[in-house]
Each structure stands twice: as C-alpha cells, then as structure tokens.
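One structure is given below, encoded as structure tokens.
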Amino acid sequence: MGLLSDPNRRRALISMLTRLNAPICVVCYLAGVAWFMGLAFEPFTLRTYMSENAMGSTMVEERFPAGERALATGREFAAHKNKVGGMPVDWLVKTMQDRGLEVFTQSFSRTLPFPDENKERYIVKGTNVYGILRAPRAPRTEALVLSAPCSPGDNNQAVGLLLGLAQYFRNQIYWAKDIIFLVNEHDLIGMQAWLEGYHHTNTTGMSWSPLQGRGGSIQAALTLELSSDVITSLDLVLEGLNGQLPNLDLANLFYAFCQKIGVLCTIQGKLQRNDWDSVSGYSHAVQTMMLMVMKQASGRPWGDHGLFLRYHIEAATVKGINSFRQYKTDVTTIGRLLEGMYRKLNNLLERLHQSYFFYLMPSLSHFVSIGYYMPAFGLLAVILLLRALDLWVQLATPPSRTEDGIADIDQSSPGVLSVLTPLVISHLTGVALYTLPIHFQETAVEHFPVSETEAVVLTAIAIYTAGLALPHNTHRLLSGEGTEQGWRVLKLVAVLYLAVLLGCTALINFSLGFILALTMVPLAAFVTPHVPKVLSAFILVILSPACTLLFSVFFFQELQEMPVSFQDGWLLYLSVISQGILDHSLYGSLVYPLIALLVYPCWLLFWNILFWK
Amino acid sequence: MAAHRCSYCSWLFILFSLSVFVIADIHETTAVSDHHVGVSDNTQTETADQPTVEERQWEATEVKEAAPDNVAADTQGTSAPETMVPSSVPQPKDDFQEELVIRPLHSGDIYASFQFRTLWDTDFMRDNKVSHYRLFPKSLGQVISKFSVRELHISFTQGYWRTMQWGQPFISSPPGAELWVWFQDSVTDVDATWKELTNVLSGIFCASLNFIDSTNTVQPSASFKPLGIGNETDHRFLRYATLPREIVCTENLTPWKKLLPCGSKAGLAVLLKSEKLFHSSFHSQAVHIRSVCQDRQCKTTSWELRQTLNSVFDLHTSGQGKREWSLFKMFSRTLTEACPLASSSKLYIDITDNSQGEQFELIPATSLLSQAVVLGDRRTFSVYDLTQETTFGSVRSLNLLIRWKSSDMLRPLLHAERYVAGYGLQTGEIHTLMYNNHPYRSFPVLLLDSVPWYLRLYIHTLSVTSKGKDNKPSYIHYEPSKDRVRPHLLEMLIQLPPNSVTEVTVQFERALLKWTEYPPDPNHGFYVGSSVISSLVPSTVAMDTNSTQERPLFSSFFPCKEESSYFVRIYTEPLLVNLPTPDFSMPYNVICLTCTVVAVGYGSLYNLLTRSFQIEEPNPGLAKRIANVIRKMRGVPPL
C-alpha cells in the first residue's frame with residue numbers, strides 16, 4: 001500500500017516494470033510453460049485418496065457369478081439386433097420385464113443441422129429402453145444409472161452384462177436407491193434425449209416422448225462399453241461436455257476396486273508406470289496428462305457419460321479394451337467390479353462432493369488439483385496485465401503532456417470511433433462465422449460440387465479467411481489514417497479483453513484456456529504496427545485459433561501414437577471442425593461459439609493492430 | 001368387607017355412567033340431524049376401504065348379514081369367544097376386532113393388510129375423567145382428552161406404494177410420517193396444542209414427530225375432511241404435516257404393537273415380527289382415531305381406534321424366484337389362535353382373479369366366501385375365521401399357502417407422479433402428472449401441495465394442462481410461504497378429462513439458506529413432501545358393462561348409487577431437491593480469506609482513486625522559520 005501511495009516509489013516501480021517489461025514477460029511465459037510441464041512430474045503431484053467417508057472402507061463383498069450367462073445374453077441380444085436391424089426394443093422390454101424391472105421406453109427423433117459424415121447419420125430416429133429396479137422400502141427419491149449404448153458396432157457384451165447385472169441386482173435386498181438400467185440407441189443423441197426427457201428440459205431442440213417412469217434425483221451414473229469378447233484392461237473416461245469432469249472420488253472408486261479385484265486399469269489408454277524418475281517414465285506421464293488436456297479442451301463428451309455432468313450427476317465411462325496382452329479379464333470379474341462400485345455408490349448418504357471437481361490426471365493414481373495447475377495459467381495471464389500496464393503508462397505519460405491520461409486520450413484521440421469500429425467489425429465477422437456456415441449450406445451445395453458437410457466446413461474456413469481482409473480496410477474508410485495513440489488504445493482494450501476472456505475460460509475449462517493462452521498471449525504481447533509486416537503476419541496466422549486447432553489435431557494424433565500424414569491430418573482437421581459445430585448444435589457444447597464469437601474477434605483485433613498504418 | 005366395598009363402588013359407577021349416557025343422549029339428538037346432512041355432503045366419510053363393508057355369505061354359514069354402514073359395531077354377537085372377560089358391571093362397552101387381508105398382486109407380489117379396530121362407547125370430552133381403560137390404550141385415551149382431539153390420523157411409511165404395479169391400497173399413506181389432526185372447536189390456541197401434541201406423539205411412537213413445526217404444518221381447506229362424524233369443517237381446527245425424511249423401523253413398530261389389547265402375544269399380531277416386516281418392499285403402519293356412530297340411528301357415538309399395518313412382500317428377493325408363499329414364509333410364524341379379547345378375528349384372501357382356481361390355489365382350502373365392494377371393485381374373498389377351532393385343523397396351527405400359476409397386469413384408474421425438472425441450482429420446475437385411465441368418464445380431483453419455504457414458488461407460472469389444452473381449476477386455494485415461518489400451501493380442484501394426463505407445473509427458485517440452517521448432510525438434498533390427490537373415482541363395477549351375465553337383470557340397468565364412485569386418496573413420491581450449498585469443509589478459511597482480499601483490495605484501490613498525490617516541502621524547523629522572518633524583515637528572499 002505504502003509502496004503504491006508513495007509517488008516516488010510508485011514511479012520507480014512503474015518505470016522498472018515498463019523498462020523490464022519484455023524480459024519479465026518472457027520469463028513469465030517460460031515459467032508458465034515450465035510449471036505446466038512440471039505438473040506431470042510425480043513428486044509434484046498428489047496421490048489420489050478416497051475423500052468420501054461413505055465409500056471409504058472396502059466392506060463390500062462382490063459375488064456376481066453370472067458372467068457366462070451375461071455373455072450368452074449378449075449374443076442373444078446381438079442376434080436380435082441383427083434381425084431387427086437396429087435396437088431390438090421388444091426383446092429388450094421383455095427381457096428386462098422377465099428380470100423383474102419396471103420397463104419403459106422413450107422414442108426420440110432429431111434432424112441434424114447437416115449430415116454427420118463420421119457416423120453417417122442425418123435424420124436420427126430411435127428408441128431408448130430402460131428398466132428401473134425399485135429399491136425395497138425406498139421412496140423413489142434417489143437413483144443410480146447404469147447404461148450401455150446400443151451402437152451398430154460391437155457393444156453387445158456390455159448390454160449382456162447390463163442385463164446380467166440387472167438380474168443379479170434384482171435379487172439383492174440391500175439397495176437403498178433405485179437403479180436404472182438404460183440401453184440407449186444412437187449413443188450420445190439417445191442419451192441426450194433420455195436425459196432431457198428425465199429432467200424435462202429442452203436445450204437443443206430435440207423431439208422426444210416424455211418418460212413414464214422416474215427414480216428421483218440421479219446420484220451417479222456409469223456407462224459401459226465393451227468392444228470385444230476378450231478384455232485385457234479397463235479404461236476410465238472422465239472428460240465430459242465442455243470439459244466438465246466428474247468428482248474425483250468416482251475415479252478413486254474405480255481405481256480402488258480395480259486394485260482390489262486385480263484388473264488392469266488405465267486412463268487415456270495408458271497404464272501406470274512406476275519409473276517416474278526416468279525420462280521415459282516422465283514422458284509417459286506427460287503424454288497421459290497432455291491427452292487429458294487435449295480431450296478436455298475439445299469440450300466434447302468423450303463417452304455417453306459426458307452429458308450427465310450438465311445435470312450435476314457424477315458420471316464416467318468404463319471401457320473394456322483389448323490390447324492383446326496376455327493378461328485377460330473375464331466378464332464375471334468386470335461384473336464383480338461394477339457390483340462393488342454400485343454397492344459403494346448405494347451407500348452414499350450425500351451426493352459425491354467431498355473430493356475435487358477440477359483436476360488433471362497424469363496417471364490413475366495421481367492427480368493435479370486446481371491449486372497446482374492454476375499458477376501455470378496465472379503466469380501466462382500476468383503477461384497480458386503487464387503489457388496492459390505498459391500501454392497504460394505509455395498513454396498516460398506521453399512526452400509534453402499532463403499527467404491526466406484519460407482526459408488526454410479524449411482530447412487528442414481519433415477517439416472512441418477508432419476503437420469501436422474495429423471492435424464492432426471484428427465481432428460482426430465472428431457472428432457471421434457463427435451463423436452463416438449452417439444457414440448457407442443449401443446455397444453452397446447448389447453452387448459448388450460439395451456435400452453438405454463439406455459445404456459447412458468450407459464456408460466456415462472461407463469466412464474465417466475473409467475476416468482477415470476486413471477490419472484494417474474498413475476503419476481507414478471511417479476514420480482515416482490511424483494515429484499512434486489510436487493503436488495503443490485499441491491494443492490496450494484488446495489485451496484486457498483477451499485477459500478477461502482467457503481468465504473466464506480457464507476457470508471453467510482450464511485446458512482450453514491454457515492452450516489458447518499458450519498461442520494468443522505471445523502474439524498479444526509482441527504485436528505493434530512497427531514490427532516487420534510480412535514476418536509478423538505469418539506468425540500471427542500461425543498462432544491464430546484455426547491454426548492452433550490444426551496443430552492440436554496433429555499433436556493429439558501424435559500423443560495417441562497414431563501419427564497421420566498431412567493429407568489425412570487435413571481431412572481430420574475438416575472433420576474436427578464439422579464435429580465441433582455438430583457438438584454445439586446437438587449437445588450444447590460451447591467451444592465453437594466461444595471461438596467464433598469471442599476468441600476469433602479478439603484475434604482479429606490484434607491483426608488489425610498489425611495493419612494499423 | 002372387601003366384597004361389600006367393591007359392589008358399592010360398582011353401583012356407584014353404574015349410576016355415574018348412566019347419568020353420563022343420559023346427558024350424552026340429550027346432546028346427541030340435537031347433533032344427529034346436522035350430522036346426517038354432513039355425511040351426505042362430505043363424501044370422504046364413505047371410505048369403502050374396509051373389506052367388511054358388506055359381507056354376504058355365499059355358502060350356508062351361520063354368519064348373519066352385516067349392515068352396509070361400516071360403523072356397525074357388533075356384527076358377530078353369536079361368535080363372540082367365551083374367553084372374553086364377562087363384564088359384571090355395565091361399564092362402557094368396548095369391542096376389539098382384528099383381521100388380515102392378503103391380496104396376491106398382479107405384479108406377483110403379496111399384499112398383506114392388518115387391521116385392528118377397538119371401539120369404545122365412551123366420551124373423553126365430558127368433564128368426568130375417563131380413568132378405567134380396558135381394551136382402549138390408555139396412552140392414546142389420555143392424549144385425546146388432554147388435547148381435545150376430535151380426530152387423529154398418523155401414519156409411518158417406509159417405501160412408496162407402486163400404484164402402477166400394485167393397484168390401490170386399502171389405506172394409502174405417503175413415504176415418511178404423516179400426521180393430521182382435527183381438534184375440537186373448544187380448543188382456543190390450536191397451534192400451541194398442536195405443538196404439544198406432536199411432542200407427546202413423538203414420545204409415544206418413538207418417532208421424530210417433534211420436528212413438526214410451523215414450517216411444515218399447513219391447514220388444508222378442502223383435502224382433509226373429518227372421517228368420523230361431526231359437522232364442524234372449519235379448517236382452523238385442522239393441522240396437517242408430513243415428514244418425508246422420517247425413517248420407519250422397529251422402534252416405531254414396538255410401541256405401535258403395544259397399543260393392541262393382546263400385544264403381540266396372541267391373535268394376528270403374532271405375525272408382526274420386525275425381522276420379516278422390514279424385509280419387504282413396502283411397510284406402512286398407521287393409527288386412526290375418530291368418533292363413529294354406535295348404531296344406525298346414530299344416537300350415541302363411540303370412539304374408534306383403528307390400527308392398520310400394510311406391507312408388500314417381494315417375490316424376487318426372498319422367494320428365490322419360486323412363486324409360492326405361505327404365512328410362514330412371509331412372517332416366519334403361523335397362526336395358532338385368535339386374540340382372546342377379540343370379538344372377531346378373520347383372515348381374508350382376495351381370490352377375485354382366481355374364481356376358478358386358475359391362478360393360484362390355497363392350502364388349506366376354505367368353504368367360506370365373502371364379497372365386498374372395495375375401492376369401486378367387487379372383490380371376492382376366502383375367509384378363515386380364527387375364532388373357530390376347525391380353522392386350525394389337526395396340527396392346531398394355520399399356515400396358509402398360496403401357489404401361483406399365472407399373472408397379468410392391470411391399470412389403476414387414477415395414478416400420479418411428480419418430479420423436478422430442469423438443471424442447475426438456481427431455478428427448477430415441479431411437474432405433477434395425474435393420469436385418468438377411465439375410458440369415458442372424467443372426474444374431479446383435489447390436489448394438495450405443501451412446499452417448504454426454501455423453494456420459492458413462482459405462482460404466476462402455475463399451469464394446468466390436459467391433452468395439450470389449458471385446464472382451468474375450478475377452485476384454487478393458495479397461501480404463500482413466509483421465509484422460515486410457514487410453507488406454501490396450494491390446493492386445487494381439477495377436472496381430469498377421460499383417458500388423459502393432466503400436468504401441473506410450477507416454477508420455483510432455490511433459496512440460499514443461512515449457513516446455520518443447513519442440516520449436517522446438506523449435499524443429500526432437501527425433501528419436499530408428497531402431494532396429496534383426493535378424488536371420487538368412478539367405480540370399475542359401474543364401468544363394467546359385461547357384468548350383466550353374473551348379476552340379475554333387474555340390478556344392472558342403472559349403476560347403483562353407492563357403487564358408482566368411491567373415494568380414493570393417493571400420494572405422489574416425495575422430491576429430493578438440491579439447494580445451493582456452500583463448501584462447508586473450510587468455511588472459516590473462505591470467510592477469512594475473502595474478507596481480507598476484499599478489505600485490502602478495496603481499501604487500496606479506493607485510496608489510490610480518491611487521493612491526489614503531491615510532493616510537499618517538509619515543514620521548516622523553528623530556527624529556519626525565525627531566520628526567514630528576519631530575512632523577510634531585512635528584505636532578503638527567504639531560505
């Protein structure tokens with residue numbers, strides 16, 4: 001306080017900050033990146049531990065016996081599925097009823113804004129079947145969900161196991177919460193329809209028939225995906241819509257039971273390694289964590305569980321993986337694992353709330369909490385504030401002016417107009433990027449030899465590129481040659497805007513905020529009208545959100561150990577864009593609007609500053 | 001000498017009680033005419049929930065026909081057991097009946113409903129204190145006289161009655177505890193009496209009824225009418241409260257059993273073993289106290305204590321999938337005798353769906369049959385009279401066995417469900433769905449919703465729709481809540497169109513409580529009690545057009561009046577709502593940190609923004625000032 005109110009010291013401090021601005025910024029950036037990379041180093045992370053007392057001690061005995069029968073049911077299901085050519089609704093209803101459940105169905109339909117080429121669907125019609133196991137002497141206030149998607153692919157074992165568990169659970173007397181067994185068609189779309197029906201909301205304009213039976217407020221949910229008969233390990237998927245994560249206790253529960261029963265368990269498909277002090281061990285942890293960061297940043301649900309998180313229901317997907325190891329896990333063991341987890345969840349007195357909601361996992365047994373990873377972002381964000389301070393000081397104390405900066409700008413400025421014009425224009429470009437691709441797909445398909453999906457993606461890219469030409473031309477039309485003062489004010493506004501934008505994003509979805517900060521902060525820091533035009537323009541384009549996405553696609557493939565050629569990568573990039581737009585309109589993912597309406601206009605402002613004169 | 005004194009006392013008592021009766025008669029004759037009007041208006045008194053409503057004997061047995069009015073006290077004077085204590089003095093007559101109805105449900109479960117009724121021709125409200133109790137439990141008698149209770153209904157339920165699977169119960173009750181009491185109009189401070197009464201009942205039944213306070217008590221204007229006689233329907237004397245969170249277990253069952261004259265020593269109550277009763281899908285126990293007419297003329301009234309216990313046993317969890325039930329499997333006991341104090345003790349098996357024995361068979365079989373209209377449906381029962389020696393057979397124990405053969409589903413005419421819609425912790429919407437499954441008749445229902453104050457209802461968003469059209473309630477009674485004082489009360493009379501779903505929605509906002517108001521488990525959620533739907537439902541007997549084949553032609557042209565509709569009360573499931581909850585793990589840290597940050601941040605910013613900083617010359621010392629004065633006088637510029 002005294003430091004700031006003493007004018008001499010204040011002046012000294014400010015002059016130091018302005019003088020050393022560039023070095024401090026560089027140091028901050030490097031420190032931020034280093035901090036982030038250090039997060040994966042095991043001694044810096046915390047071991048996971050069960051926070052919820054109700055699930056603490058392992059007093060549950062797992063007795064599920066009927067794995068073989070479950071597989072047989074799965075085969076029967078597959079046969080009926082092939083016969084019907086889709087979801088065998090009648091068979092499922094009958095089978096669930098035979099197992100003593102209250103069975104209900106829900107039909108839904110949805111027309112996608114444009115065809116989804118990855119999953120080859122456009123007009124989606126389907127039926128969800130769910131059976132409720134009513135807990136004895138429970139007043140229908142709480143429920144747990146176990147779901148298995150009925151996909152055209154191979155998920156029959158999961159449905160078989162679900163039905164087997166239903167039969168086994170039905171004969172037990174210890175249930176205190178209703179258990180809902182859900183088989184959803186068309187994976188995420190069906191899940192979305194069911195959840196919207198259950199909570200009677202309609203966020204995405206889907207049409208569904210209302211649900212007839214409910215079990216009260218859902219406390220937790222698990223989704224089961226078993227891709228083959230032979231399972232060698234189980235993978236836990238946590239990342240949900242908009243980068244939301246379930247409570248860490250759910251992951252702990254899974255890990256605890258895997259340890260107890262002796263099942264190989266992975267996260268991001270990566271086994272845990274013990275050699276953290278070796279380089280390969282560390283790079284393994286970094287790889288696992290970076291995969292989580294990339295998946296979280298994408299903001300899309302990475303399993304059917306991802307949509308539960310919006311409704312404050314802790315959910316995760318358990319994926320059976322056949323990685324051709326020697327060690328094999330039979331279905332009975334997976335059934336016992338799930339039985340144990342459900343019995344523990346059944347013991348819950350409160351919703352899962354004790355443990356962390358914001359975390360990164362370099363391995364299944366270690367985690368990085370929000371308190372540890374936020375400084376990495378903070379170090380990047382402080383650069384923006386330092387630059388803003390620098391600009392402010394430059395504006396406030398120009399040679400031969402008075403101290404009063406604000407009055408000064410108002411007098412000498414090309415004024416509000418010169419700042420407002422680029423702001424408005426770049427945001428209008430953003431709005432165009434957000435709205436036009438879907439609206440103009442018909443027109444585009446008529447005039448060009450492309451499919452609807454390609455039309456949407458290519459329109460988006462075209463608008464994005466066209467935006468580069470817009471702002472710096474128009475402001476000149478309106479207000480003539482840009483002044484020195486003008487770009488400083490604009491840059492001050494843009495830098496603060498970016499700081500607020502990234503800060504808010506990082507609070508909600510750290511990964512997205514951090515990746516955007518990694519690319520946007522340097523360009524925001526260095527760009528002025530006085531740097532070499534061509535080189536800077538190139539760097540600016542390279543660091544733009546679209547290119548960030550392109551690099552991320554390649555990087556993600558690299559992390560998954562499935563590197564792609566540039567050609568395939570480009571195709572993948574196009575499909576990622578279309579998926580992003582679809583995720584937004586189908587499930588309400590916010591990444592596409594965030595990029596189109598806020599981040600891209602913000603980047604345009606910096607582009608504008610580069611071409612100020 | 002002792003004998004002499006005893007007889008003296010008894011003479012005195014006889015004189016005394018006679019005088020009481022005379023006075024009662026005089027009073028009652030004036031009240032009776034009013035009362036009959038009240039009965040015809042007040043449809044709820046016609047609760048046909050008792051299988052003994054009318055009892056017709058098909059087979060040639062000695063049981064005589066009972067009056068259709070279920071308040072007839074003594075239906076079976078002939079079969080009164082000899083073991084009953086002969087009353088040497090004509091003290092107020094009391095009477096105890098017990099019965100168990102077993103109904104195999106369509107879902108394959110078994111519904112067992114116990115009813116114990118104690119009738120006492122006395123009047124607690126007269127100025128003389130009733131001090132001699134025989135069959136009627138003294139603890140309740142004292143409660144009635146001390147708190148001037150006119151009617152008391154209390155139920156403890158664990159589980160939710162699944163109307164869709166099980167049909168209608170004989171007496172329905174919401175999950176948790178429910179208490180509603182009509183006080184005499186002589187009570188001046190109803191709220192204080194209510195408060196005291198709940199605390200006393202809390203002690204009697206070992207339940208947390210003391211948690212009933214003004215924040216969960218309402219005075220329904222229409223939904224809960226007195227079930228006994230009485231012409232007073234001013235709802236100022238009515239209090240209704242539910243505790244949806246109440247867990248019912250053995251400690252509530254034991255005091256309930258102690259109210260029975262035979263305890264759990266003899267009679268049907270032998271079957272009430274908690275280890276089996278709490279192994280069921282549904283358990284509900286209740287106590288209903290009301291005053292009823294003694295006879296047809298209704299000259300005098302008597303007090304009726306009806307203890308009911310309903311439970312549903314699950315076939316899957318304990319039957320190992322084998323569809324076979326016996327008394328022993330259900331209760332791990334068999335019946336050996338009737339309660340010696342009971343004037344009637346019967347076991348009814350609902351065999352309506354099994355008239356030819358195609359679905360299940362009973363072992364041992366009984367030749368005694370009885371028919372009754374229960375909940376608008378004509379049911380047939382096999383009757384086992386436990387007061388007859390022959391019932392128990394040669395092994396002197398009755399272990400009834402039911403073997404299933406097949407089953408099917410039925411649809412109840414009226415059922416309802418409720419849920420919370422929306423997501424997030426700011427707002428939400430309560431949806432109540434009411435299904436009328438009658439193919440062509442509409443009927444009105446009374447919906448009662450009592451919502452705690454921390455869900456702030458936006459009553460302007462209340463909408464009632466059926467078949468996509470707005471359905472305007474013909475009566476709405478709404479009392480807004482007061483924060484921390486009283487709950488919302490919403491009562492509506494809604495006409496349900498035939499074969500339709502009526503949806504009542506109202507939005508609410510979740511209140512942020514004060515941090516001491518949260519319970520120890522705030523993340524569990526907060527309960528909202530069941531809404532109550534009371535209705536006169538058209539009877540299935542009247543709906544059944546094919547009944548002419550069974551009945552005589554002259555009886556079937558017009559649906560006869562008392563069967564055309566029946567009263568039913570159903571409860572929706574309670575709701576569990578999450579409120580915005582602070583992180584209680586470190587409130588102190590959070591508060592301290594926030595306060596510090598705000599103080600430092602705000603203080604310094606405010607300081608920087610409001611102060612102007614200027615460099616000021618330090619104050620010159622005294623010597624310098626003097627020197628300056630001298631220099632000024634000399635005309636030289638100061639230092």
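Being a predicted model, the structure only gives us computed values, none of them experimental. Just so it is clear: chains get the letters A, B, ... in the order the sequence lines come, proteins before strands, and each one is counted from 1.
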To the nearest 0.5 Å, atom CG of A:Asp178 lies from atom CD of B:Glu573 at 9.5 Å
Quick one: pull up CD in B:Gln158 and CZ in A:Arg137 and give me the separation to the nearest 0.5 Å.
6.5 Å
Sidechain N-carboxylate O distance under 4.0 Å for A:Arg134, B:Asp314:
no
When only pairs under 4.5 Å are counted, which of B:Asn523, B:Leu433, B:Thr157, B:Val248 shares the most heavy-atom pairs with chain A?
B:Asn523
Atom pair OG/CD1 of B:Ser280 and A:Ile173 - distance to nearest 0.5 Å:
11.0 Å
Is it the case that over 12 heavy atoms from other parts of the model lie below 6.0 angstrom from the NZ atom of A:Lys94?
no
Do A:His200 and B:Tyr419 have a side chain donor and acceptor closer than 3.5 Å?
yes
Does the side chain of A:Arg140 come within less than 4.5 Å of B:Arg162's, by heavy atoms?
yes
Indicate yes or no: at least one non-hydrogen side-chain atom of A:Gln219 is less than 4.5 angstrom from one of B:Leu576.
yes
Would you say that more than 12 heavy atoms from the other residues, nucleotides or ligands in this model lie under 6.0 Å from the OH of A:Tyr372, or not?
no
Which region of B:Pro522, side chain (C-beta onward) or backbone (N, CA, C, O), has a non-hydrogen atom less than 4.5 Å from a non-hydrogen atom of chain A, or is it both or neither?
both
Does the side chain of B:Tyr435 reach to within under 4.5 Å of the side chain of A:Gln212, using non-hydrogen atoms?
yes
Provide the closest heavy-atom pair for B:Pro175 versus A:Pro139 in the form atom of the first, atom of the second, distance.
CB-CB, 3.5 Å
Is A:Arg214 close to B:Arg418 at the side-chain level, that is, under 4.5 Å between some pair of heavy atoms?
no
Looking at A:Arg343, I'd like to know if its CZ atom is crowded, meaning that more than 12 non-hydrogen atoms belonging to other residues, nucleotides or ligands lie closer than 6.0 Å.
yes
Evaluate the side-chain contact (heavy atoms from CB on, under 4.5 Å) criterion for residues B:Tyr160 and A:Thr141: first the C-alpha distance (whole Å), next the side-chain angles of each, then the deciding distance (0.1 Å), finally the verdict.
CA-CA 10 Å; B:Tyr160 181 72; A:Thr141 46; over 6 Å; no
Nearest-0.5 Å distance, CG of residue B:Asp521 to CG of residue A:Leu348:
12.0 Å
Report the C-alpha distance between B:Tyr423 and A:Arg310 in whole Å, list the side-chain angles of each, state the deciding distance to 0.1 Å, and finish with yes or no for side-chain contact (heavy atoms from CB on, under 4.5 Å).
CA-CA 7 Å; B:Tyr423 59 90; A:Arg310 165 183 299 185; 3.7 Å; yes
Against chain A, label B:Thr581 side chain, backbone, both or neither, depending on which of its atoms sit under 4.5 Å from a heavy atom there.
neither
Could you tell me whether the side chain of B:His524 reaches within less than 4.5 Å of the side chain of A:Arg351, counting heavy atoms only?
no
